[in-house]
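Hydrogens, waters and symmetry mates play no part in the numbers below; they use all other heavy atoms, side chains included. First the proteins, then the strands, lettered A, B, ... as listed; each starts at 1.
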Amino acid sequence: MRKNILLALGIFTTIALSLSGLIIVPNWQFQGLKPIVKADGSQYPVPLTGDAAAGRKVYIDQGCIYCHTQQIRMKGYGADIRRNWGTRRSVPRDYIYEKPHQLGTMRTGPDLASIGSRQPSIDWQALHLYDPQITSPGSVMPAFPYLFETAQGGPPPPNSIAVPPGKAKAGVTYIVPTARGRQLIAYLISLNKTFPLPEAKQ
Amino acid sequence: MSDPQVAAPQEEREAVVTRIAVDRSAEWVVTIYWASALFWLCFATLAGLISSIKLHSPDFLGGVEWLTFGRVRPVHWDSAVYGFAGTAASGTLLWLQARLCQTKLPFPNLLIAGGVVYNLGVLLGVIGVLRGQSTGVEALEMPLYAVPLLVIPYVFIVIANFRMFFTRRSTHTYVSQWYLMAVTIWFPILILAAEACTNLGAVDGVSQAIANWWYGHNVVGLFATPTGIAAAYYLIPKVIGKPVHSYHLSLLGFWSNAIFYNWAGTHHLTGGPLPAWTITVGVVGSMMMFIPVVTIGINHHMTMLGSFHLLKTSPTLRFAVMGSMVYTLASFQGSLESLRSHQEITHFTHYTIGHVHFGMYGFFAPLMFAMMYYAMPRLTGNEWSSARLIRIHFWCTFFGMLLYTTAMCWAGIQQGRMMNDPKIPFLEIVAFTKPYLWLRTLAGLILVSGTIAFLINFVRIVSFHKIRFATPTLFNTDRDWNELMRKEKELS
């Protein structure tokens, strides 16, 4: 009997140790992290609000994480910075407001940590989401037509984006993002981890 | 005429009676868990196949929101891990523990009810993800309302397992039992702690990412792997009729596995926004895994030494040996993969996908199939209807995995090297991987063919109760299905 209890206790101890060592200790280390106050009095990072915050939910429900990361590896380790995906490595402070985290583990598509600084154009983001083949021929990204309303010919509807001639499919000439489409675009454009933090020199 | 059973010594006869009583008590519970496992295997494979096709032909089922890649892909994982692996492992755990403890399975009705609730939980969870209610945490995507439906039935299994183990009739403990005890202690803690730290927000920021991959790695390492090892430790000696090579090695293998696997998960975050020590711990844990992997490998393969000719005839042994050999290979691959120099290239690529499938479908799944091939005839009192279908199942699993793993790992290495060269435009890398993604779809279709063969055999063994075969179905058994059907009709 004593042997049985020892076995059970030993098994329990192994997982209790790794839980404490890998999660509880780092959480102590980081839970005090505060945003940095910039020279102009504003802060980095700031919690998302409005459309961008709602757009993060769309990003999650569409499962963007399964093909896109949001983390930049340091200079000299991979080519993240040389590919212009970021200007410096990502650090814990970049993520203090991110719940749930969207670091990702797969780069079927490029990293999106700073996609807002790389592609700040609403039109580009909209066309790319509506049909990736318009902006990036050969891409394997799914199209998200259900995040847009479309118009075929006629005068441009309000807030519409013109589909470049020759790229239109099924006669669609204008697209208008739905509320969720607008939110997702706002979120993507808000993604910007280029502010130089003191602890991230590379 | 003397009946050999009557002539057997008293002790041996009692053992046979006990075995039959144990199997009768477990018949329905285990059959239901394994039938669910097969259902989820088909479901997960279908979701995987759709995801795979979408990655080379994004227009396939395009524009349908609930079937978009970002939803079908997590559904593939959730149905494979919680659906297939969860029910296959639970069935294995219950039957193996009952057999090794020589006790009847306690409260079978409660366990059956638990199985039904568990299945509903997985179903609710995957529907939630398809509807866009994913939590956004990789490996823990299921909406929170589905989680209690998974955990509560598992508590029944834990209680049943403890009760069997602490009231067992057998005087000694067999190595498989340590692993089964470990699984039941680890899994509830693992999932509850991980849900608390991620979806319930007990920890913040990057610590959440660590919790995420502590879970993502351990759900394989502390749930699927120990169950697979327990099955291999049971089946290989049982089928070939030799004891395990070394008791001391199995002891070392068990405890080093328990200690080191726990710490390996952070290698999924190499290069990420974490202090170097957390990653280093993961790399060290992964490298230390060579100790259990080598000791367990020696124990399995040395036991097999001299008995390889039995692979020609025994379906159970063939699947079990494939599983235990891939366990060694996939573990070596995984340990090396954790190194920073390796991760610089293969992290974020299809290489990882190749490795995960190699482990789950090359090691874990074949061992679960081996368990089913061994136990189902004993549980139902019936034999497998067709040796040819078992052969098809085996070779499809073998070649499907071979193609899947080589295509994905090779593509991943090249993809990673190209990504690390900023002069190569990203879309050129995408174009490079496409032929390999087609090969993956082909591998998936091969695996599907094997699954269908198994499904036919499985449906027959549970539904086909009138004929009792005198001999087990081995690869050299010639069994004609049409002939059997005629006999069945004659009987009725």
Check: Given a strict heavy-atom distance threshold of 4.5 Å, which part of L427(B) is in contact with chain A: side chain, backbone, both, or neither?
Finding: side chain

Note to self: Are the side chains of Y95(A) and L274(B) in contact, using a 4.5 Å heavy-atom criterion?
What the structure shows: no

Check: Given that the side chain runs from C-beta out, which part of Y146(A) has a heavy atom under 4.5 Å from chain B: side chain, backbone, both or neither?
Finding: side chain

Notebook entry, point to check: Does a side-chain heavy-atom distance below 4.5 Å link I23(A) with Y215(B)?
Noted result: no

Check: So does R163(B) have more than 12 non-hydrogen atoms from other groups sitting under 6.0 Å from CZ?
Finding: no

Check: Is there any residue in residues 172-181 of chain B with a non-hydrogen atom under 4.5 Å from a non-hydrogen atom of chain A, and which ones are they?
Finding: W178(B), M181(B)

Item checked: side-chain contact (heavy atoms from CB on, under 4.5 Å) partners of T135(B), counting only residues at least two apart -> V137(B), N199(B)

Check: Who wins among F260(B), W213(B), F166(B), F60(B) for the most heavy-atom pairs under 4.5 Å with chain A?
Finding: F166(B)

Checklist line | Nearest heavy-atom neighbours spanning A79(A) and N420(B) | finding: CB-O, 3.4 Å

Item checked: Heavy-atom pair count under 4.5 Å with chain B, highest-scoring of V25(A), N27(A), I60(A) -> N27(A)

Notebook entry, point to check: Using non-hydrogen atoms only, which part of L17(A) is less than 4.5 Å away from chain B: side chain, backbone, both, or neither?
Noted result: both

Check: Near K99(A) NZ, under 6.0 Å, is it more than 12 heavy atoms from other residues, nucleotides or ligands?
Finding: yes

Next item on the list: Please flag which part of T108(A) lies under 4.5 Å from any non-hydrogen atom of chain B: side chain, backbone, both or neither.
Entry: both

Next item on the list: Give, as side chain, backbone, both or neither, the part of P110(A) having an atom under 4.5 angstrom from any heavy atom of chain B.
Entry: both

Notebook entry, point to check: What's the shortest heavy-atom distance between F69(B) and P142(A), and which atoms?
Noted result: CB-CG, 4.2 Å

Margin query: Applying ring-ring contact (aromatic ring centres under 6.0 Å, His included) as the test, list every pair that has at least one member in residues 111-135 of chain A; sequence neighbours left out.
Written below: W124(A)-H128(A), Y130(A)-F148(A)

Notebook entry, point to check: Taking all non-hydrogen atoms of both residues, which atom of G138(A) and which atom of V430(B) are closest, and how far apart?
Noted result: O-CG1, 3.7 Å

Check: Between E65(B) and D61(A), is any pair of side-chain heavy atoms under 4.5 Å apart?
Finding: yes

Next item on the list: Determine whether P58(B) and M141(A) make a side-chain contact, defined as any pair of heavy atoms from C-beta on separated by less than 4.5 Å.
Entry: no

Notebook entry, point to check: Rounded to the nearest 0.5 Å, how far does CD1 of I429(B) lie from CZ of R107(A)?
Noted result: 11.0 Å

Next item on the list: Supply the atom-to-atom distance S18(A) OG to N218(B) CG, rounded to the nearest 0.5 angstrom.
Entry: 5.5 Å

Checklist line | Over all atoms of both residues, closest heavy-atom pair of S207(B) and F30(A) | finding: OG-CD1, 3.9 Å

Check: Under the criterion side-chain hydrogen bond (donor to acceptor under 3.5 Å, both in side chains), which of E141(B), R73(B), E138(B), R71(B) is the partner of Y66(A)?
Finding: E141(B)

Margin query: Under the criterion side-chain hydrogen bond (donor to acceptor under 3.5 Å, both in side chains), I'd like the reasoning laid out for Q208(B) against E98(A): C-alpha separation, chi angles, the key distance, then a yes or no.
Written below: CA-CA 9 Å; Q208(B) 242 184 40; E98(A) 303 208 355; over 6 Å; no

Item checked: Side chain, backbone, both or neither of W28(A) within contact of chain B (heavy atoms, under 4.5 Å) -> neither

Margin query: Quick check on F12(A): does its CZ atom have over 12 non-hydrogen neighbours (other residues, nucleotides or ligands) under 6.0 Å away?
Written below: no

Next item on the list: Take L7(A) and F254(B) through the side-chain contact (heavy atoms from CB on, under 4.5 Å) test and state the conclusion after the steps.
Entry: CA-CA 11 Å; L7(A) 175 74; F254(B) 175 77; 4.1 Å; yes

Next item on the list: Report the option among A16(A), C64(A), G21(A) that has the most heavy-atom pairs separated by less than 4.5 Å from atoms of chain B.
Entry: G21(A)

Note to self: Quick test of your reading of the model: are D421(B) and R82(A) salt-bridged, counting only N-O distances below 4.0 Å?
What the structure shows: no

Margin query: Taking NZ in K38(A) as the centre, count heavy atoms belonging to other residues, nucleotides or ligands within less than 6.0 Å. Is the count above 12?
Written below: yes

Note to self: Quick check on L222(B) against chain A: is it the side chain, the backbone, both or neither that has a heavy atom closer than 4.5 Å?
What the structure shows: side chain

Item checked: Under 4.5 Å from any heavy atom of chain A - which part of R417(B) -> neither

Notebook entry, point to check: Is it the side chain or the backbone of A431(B) that comes within 4.5 Å of chain A heavy atoms, both, or neither?
Noted result: neither

Notebook entry, point to check: Does Q62(A) use its side chain to pair, donor to acceptor, with the backbone of G70(B) at less than 3.5 Å?
Noted result: no

Checklist line | chain A contact via V72(B) - which portion, at a heavy-atom distance below 4.5 Å | finding: neither

Check: With a 4.5 Å heavy-atom cut-off, do Y77(A) and R340(B) have their side chains touching?
Finding: yes

Next item on the list: Give the C-alpha distance, both sets of side-chain angles, the deciding distance and a yes or no for side-chain contact (heavy atoms from CB on, under 4.5 Å) between M106(A) and F348(B).
Entry: CA-CA 4 Å; M106(A) 187 67 188; F348(B) 306 131; 5.8 Å; no

Note to self: Let's test your reading of the structure: which of L269(B), T278(B), T349(B) forms the most heavy-atom pairs below 4.5 Å with chain A?
What the structure shows: T349(B)

Next item on the list: Kindly indicate, with the supporting measurements, whether the criterion side-chain contact (heavy atoms from CB on, under 4.5 Å) is fulfilled by Y261(B) and I15(A).
Entry: CA-CA 10 Å; Y261(B) 214 130; I15(A) 193 166; over 6 Å; no

Notebook entry, point to check: Is the shortest heavy-atom distance from the side chain of T105(A) to the side chain of T352(B) under 4.5 Å?
Noted result: no

Checklist line | Heavy-atom neighbours of I189(B) CD1 exceed 12 at 6.0 Å | finding: yes

Margin query: Minimum heavy-atom separation for K434(B) and V140(A), please, with both atom names.
Written below: CE-CG1, 3.4 Å

Checklist line | Any residue meeting side-chain contact (heavy atoms from CB on, under 4.5 Å) with D123(A), in chain and number order, not counting sequence neighbours | finding: S121(A), I161(A)

Notebook entry, point to check: Relative to chain A, which of T433(B), L437(B), L55(B) shows the most heavy atom pairs under 4.5 Å?
Noted result: L55(B)

Note to self: Between T198(B) and P100(A), is there a side-chain heavy-atom distance shorter than 4.5 Å?
What the structure shows: no

Note to self: Applying side-chain contact (heavy atoms from CB on, under 4.5 Å) to L22(A) and V281(B), what does each step give before you reach the verdict?
What the structure shows: CA-CA 9 Å; L22(A) 282 180; V281(B) 166; 3.9 Å; yes

Check: Can you name the nearest heavy-atom pair linking E344(B) to R73(A), along with the distance?
Finding: O-NH1, 3.4 Å

Note to self: Checking W186(B) against T14(A) for the side-chain hydrogen bond (donor to acceptor under 3.5 Å, both in side chains) test, could you report, in this order, the C-alpha distance in whole Å, the side-chain angles of both residues, the deciding distance, and whether it holds?
What the structure shows: CA-CA 9 Å; W186(B) 281 332; T14(A) 55; 3.2 Å; yes

Next item on the list: Please state whether the side chain, the backbone, both or neither of S136(A) comes within less than 4.5 Å of a heavy atom of chain B.
Entry: both

Check: Mind checking whether Q29(A) and W277(B) have side chains closer than 4.5 Å, heavy atoms only?
Finding: yes

Note to self: Test your reading of the model: is there a side-chain donor-acceptor pair from R83(A) to the backbone of M419(B), 3.5 Å cut-off?
What the structure shows: yes

Item checked: Most chain A-contacting option - heavy-atom pairs closer than 4.5 Å, from G62(B), G282(B), A194(B), G272(B) -> G272(B)

